[in-house]
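What follows is a set of notes on a single structure, which appears directly below.
So that the names make sense, note that chain A is the first sequence line, chain B the second, and so on, each numbered from 1.
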Amino acid sequence: MRNAATAEWILSLVSDNAASTVGDLVEESSPRGALWFWSSVLRAAGSHFWRDLSASPWRMVRLAFWGVLATWYFLATFAMPMLAVNGVKVVNLNSALVALAMPMLAVHRYWTPTWEIPFLTVLGCAVPPFLAGRAVACRSNGRELPAAFAVLTLKAALYAVELRLSAMQVRRIGQPYPGIEHAFAVVCVESLFVVAGATVYRLRILAAREEARQ
Amino acid sequence: MPPAAPLGEFEQIVLLAILRVGENAYGVTVRAEIAACTDREPAPGALYTTLDRLEAKGLVTSRLGDPTPQRGGRAKRFFTVTAAGVAAVTRAQRAYQRLLKGLKFPEVVHA
């Protein structure tokens with residue numbers, strides 16, 4: 001199958017000249033077949049993605065930190081009213097900080113099991129990462145997806161550190177902690193929504209450009 | 001004026017291919033010219049990212065042609081080497097020639 005519109009959509013996420021590139025590949029793929037066409041589309045998308053990611057590495061690092069801070073900001077603004085309403089058992093300052101910065105852990109440690117937990121978990125994993133993905137895309141200057149990828153990489157690294165610290169604390173005080181499966185699930189779901197936020201922003205920009213051109 | 005950044009090997013190849021093709025230089029013809037002259041077919045991703053980079057450096061310019069039916073109604077993006085591009089590729093090639101000057105390769109048989 002040579003669905004050029006789909007190929008153009010994929011390439012448009014990382015390239016400003018997706019239409020002409022796909023046109024070239026359509027023209028060249030007549031004697032070569034669909035496999036060559038799709039592998040070329042994916043390799044071209046990969047090349048553009050890597051070029052954007054590696055062209056200015058320090059800018060990407062800055063965007064990654066900014067994106068993580070944005071995620072925490074959105075998590076805090078999202079979680080604070082819920083924490084206030086539901087009366088979390090925050091026992092000390094450290095717990096309060098954990099509850100604000102990492103509500104998923106707070107849910108496991110300090111909440112009595114109620115119906116809000118799955119609701120808050122789902123919303124907490126979806127809304128703040130989506131908003132953070134969109135916010136980081138706004139600052140990425142046309143490199144929305146690579147910027148989102150940089151944020152995800154940093155977040156995954158922070159989760160790994162957090163998991164390690166949690167395991168040490170568990171050994172010390174004997175309380176249960178979410179574990180690696182939970183962290184992996186959270187990273188996967190958050191990643192999905194960070195990328196979704198960045199993609200939605202990118203598509204909006206492309207639509208606005210197309211409108212301006214017409 | 002600060003000295004221009006040196007060109008990579010593939011950037012030189014792409015610039016020379018555009019110059020050789022002339023007015024009809026777009027992705028397909030540039031790729032075909034590179035394949036014909038160097039016996040190696042560049043990956044589409046490498047070619048398009050290089051063209052974008054050369055355009056960002058001001059060494060080539062691009063313009064969109066008319067949409068054609070065999071391309072699913074998509075326009076061709078034609079490339080032209082700028083004066084700065086010609087100067088950069090000439091400078092790079094002269095550097096190669098200076099390096100080669102005076103060297104003898106008895107084992108190489110010229111066609």
Side chain, backbone, both or neither: which part of V41(A) has a heavy atom under 4.5 Å from chain B?
-> neither
Check each atom of R51(A) against the heavy atoms of chain B and say whether the ones under 4.5 Å are side chain, backbone, both or neither.
-> side chain
Looking only at G72(B), A46(B), G45(B), most heavy-atom pairs under 4.5 Å shared with chain A are made by G45(B)
From the options R202(A), R204(A), R139(A), select the one residue that forms a salt bridge (charged side-chain N to carboxylate O under 4.0 Å, His left out) with E144(A).
-> R202(A)
Got a salt bridge between R31(B) and E27(A), using NZ or NE/NH1/NH2 to carboxylate O under 4.0 Å?
-> no
Of the options R71(B), R77(B), R74(B), which is the one that meets D24(A) in a side chain to side chain donor-acceptor pair (under 3.5 Å)?
-> R71(B)
Just give me the residue among N17(A), L42(A), D16(A) that pairs up with chain B most often, heavy atom to heavy atom, under 4.5 Å.
-> N17(A)
For chain B, the option from E8(A), R43(A), E28(A) that forms the most heavy-atom pairs under 4.5 Å | E28(A)
Could you tell me whether the side chain of R59(A) reaches within less than 4.5 Å of the side chain of N141(A), counting heavy atoms only?
-> yes
Scan side-chain atoms only and decide if R143(A) and S56(A) contain a donor-acceptor pair under the 3.5 Å cut-off.
-> yes
